[in-house]
Amino acid sequence: MRENREFICVTCPVGCTIEAVIEGQELIELKGNACRRGIAFVREEISNPRRMLTTTVQVDGGALPLLPVHSNEPLPKHLLLAAAAALRRVRVTAPVTVGQVIVHDLLGTGVDMQASRPVPAKQATD
Amino acid sequence: MKQLQCDVLVIGAGPAGLAAAYEARRTGAANVVIVERNDEAGGILPQCIHNGFGVRALGADLTGPEYAYRWIDRARKEGVGILSRTMVLGLEAQRAVVANPREGLVDIMPRAVVLCMGCRERPRGALAIPGERPAGVYTAGTAQRLVNMEGYMPGSRYVILGSGDIGMIMARRLTLEGAEVAEMAEILPYVSGLRRNLVQCIRDFDIPLSLCTTVTNVYGRDRVEAVELSTVDERWRPVPGSQRRVPCDTLLLSVGLIPENELSRVAGVAIDPVTGGPFVDERFATSVPGIFAAGNVVHVYDLVDDVTESALAAGRSAARHAMGLDGGPRSEIELAAGDNVRHVVPHRLDPGSLEQGEVLLHLRVRRPIEAATRIEVWADDHRLLSRRLRYVRPAEMVTIALQEQHRAMLEGARRLTIHAQEA
């Protein structure tokens with residue numbers, strides 16, 4: 001059965017409103033996308049929607065108490081809350097360098113979580 | 001008092017200040033210094049841990065901290081000096097008195113200054129919300145700092161007033177951290193942040209969003225216990241009988257950003273009451289010779305990429321001024337906001353500048369038009385150019401480029417007026 005669905009593409013800040021005709025998990029036609037990435041977005045959105053995850057983990061011995069981390073690629077959307085909950089229990093020890101892998105293969109997805117900034121060790125005098 | 005000479009002094013080491021200083025060095029200014037009152041450079045970016053930064057400016061989808069570090073790195077490699085924990089106390093065109101815990105007072109004598117102080121959140125006091133004064137009312141950005149940098153959760157059940165980007169991003173962030181966002185209320189009939197955030201922050205997490213709705217009361221003696229939400233009519237007056245009580249322990253406010261211009265006023269810089277920022281020309285020069293301004297201190301941008309772009313231009317101009325390369329006398333045209341345009345930046349421009357490249361006009365519309373819209377630029381009573389857009393929304397800044405081909409029509413014109421009307 002064909003249905004009309006409206007999507008707002010989240011690939012970039014433009015946020016195109018895309019009107020699509022879909023049948024099950026198949027994309028029949030679409031309009032409103034300003035670029036090709038909109039097509040890929042709608043295809044994924046009807047089969048396996050994915051989102052980037054950004055959150056924080058706790059740091060021991062760091063100049064800051066928290067380290068911001070991001071997924072190196074989008075995660076299946078339905079796993080976001082479980083992934084964030086798992087990351088709340090993660091602790092790392094300073095120093096941390098930007099880009100360092102903090103969690104490898106998060107929840108068996110093959111996605112890694114990486115440090116978004118450096119956190120130096122806490123200075124004894126600070 | 002210790003004295004310091006420099007070519008370009010940049011005030012604020014956020015994304016605007018970093019880009020302005022970097023570009024001032026690249027343009028040839030020998031001695032470029034940024035003063036920053038915080039412990040570290042980066043401005044607000046280190047607490048913006050979400051991604052979406054830099055798609056245009058750096059060709060990569062980065063988190064806020066990553067975007068900041070890229071520019072800190074670039075500025076350092078160009079030889080920019082960054083004085084952190086340093087507060088500007090007084091400012092004139094060629095003099096700034098600053099203070100820091102290492103040297104006390106320092107008298108800085110720059111040849112040019114770039115104002116990059118950014119913006120602040122509109123506070124509760126500006127909203128006149130009736131009710132008690134319990135703990136548990138925060139601006140969204142303050143909550144963002146507590147959650148993302150300091151490791152405190154301000155509450156467990158939230159109502160968010162305003163659908164600006166920071167509010168939407170915090171709705172997702174708090175949900176990911178295990179809190180409940182009971183509702184987001186927006187007084188306008190449309191969402192005021194970016195559409196992508198409506199999808200990935202609100203709809204993805206099934207957060208209830210009520211448009212044409214505002215907070216009309218706050219309950220709680222020591223701590224917020226509930227807020228009263230009411231539907232409003234088209235003149236923002238609460239509709240009698242529409243009140244409902246929503247239990248919560250925390251109210252977040254995401255109700256707009258205001259350019260931070262206390263120092264600009266101290267220096268005598270003329271401020272546009274519409275934008276809340278300095279009047280600037282296409283070089284980002286303010287009304288005071290030798291003082292330039294860039295980024296959210298001029299007008300609040302949607303995207304950091306645009307902040308960076310404007311600051312690169314301002315840094316270039318400041319360096320040229322410091323090196324005595326300003327050029328001859330200017331003939332300036334005034335820019336004016338016409339139908340359905342709230343404001344345009346720059347406020348004035350010299351058509352001769354188009355010889356060096358295009359000039360970008362940034363404008364914000366007053367009301368959304370969800371249909372094909374024509375942006376027209378008129379030089380006195382001649383139509384200079386016309387652009388067709390698929391829609392316009394107040395949340396999304398519109399950029400129009402003036403090019404060398406427009407120069408001839410601009411010569412001798414007194415005023416450029418920009419309109420945004422349904423096609």
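Small disclaimer: the values here were computed from a predicted structure and weren't measured. Just so it is clear: chains get the letters A, B, ... in the order the sequence lines come, proteins before strands, and each one is counted from 1.
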Query raised in the report: Where does B/Tyr67 contact chain A at under 4.5 Å (heavy atoms): side chain, backbone, both or neither?
Result: neither

Query - Residue selection (most heavy-atom pairs with chain B, distance under 4.5 Å) from A/Met52, A/Arg88, A/Gln58 - result: A/Arg88

Query - Option that, when pairs with chain B are counted at under 4.5 Å, heavy atom only, ranks first among A/Leu81, A/Thr55, A/Leu87 - result: A/Thr55

Report task. For each of B/Gln47, B/Arg173, B/His50, B/Arg56, tally heavy-atom pairs with chain A at distances under 4.5 Å, and name the one with the top tally. Result -> B/Arg173

**Report entry** Pairing of B/Asp204 and A/Lys77 as salt bridge, 4.0 angstrom limit
**Finding:** yes

Query raised in the report: In terms of heavy-atom proximity below 4.5 Å to chain A, should B/Leu176 be classed as side chain, backbone, both, or neither?
Result: both

**Report entry** chain B contact via A/Leu53 - which portion, at a heavy-atom distance below 4.5 Å
**Finding:** side chain

Requested in this report: Check each atom of B/Glu40 against the heavy atoms of chain A and say whether the ones under 4.5 Å are side chain, backbone, both or neither.
Outcome: side chain

Requested in this report: For A/Thr54 and B/Asn51, test the side chains for any donor-to-acceptor distance below 3.5 angstrom and give the result as yes or no.
Outcome: no

Report summary line: Here the gap from B/Cys48 atom SG to B/Asn148 atom CG, rounded to the nearest 0.5 Å, amounts to 8.0 Å

Query raised in the report: Checking heavy atoms, do the side chain of B/Glu396, its backbone, both or neither come under 4.5 Å from chain A?
Result: side chain

Report task. Find the distance between CG (B/Leu257) and CG (B/Asn296) and round it off to the nearest 0.5 Å. Result -> 7.0 Å

Query raised in the report: If you draw a 6.0 Å radius around CZ in B/Arg76, do more than 12 non-hydrogen atoms from other residues or ligands fall strictly inside?
Result: no

**Report entry** Segment of A/Ala34 engaging chain B (4.5 angstrom heavy-atom cut-off)
**Finding:** both

Requested in this report: Give a yes or no answer on whether the side chain of A/Asn72 reaches the backbone of A/Asp112 with a donor-acceptor pair at less than 3.5 Å.
Outcome: yes

Query raised in the report: Is a salt bridge present between A/Arg51 and A/Glu45, judged by a nitrogen-to-oxygen distance below 4.0 Å?
Result: yes

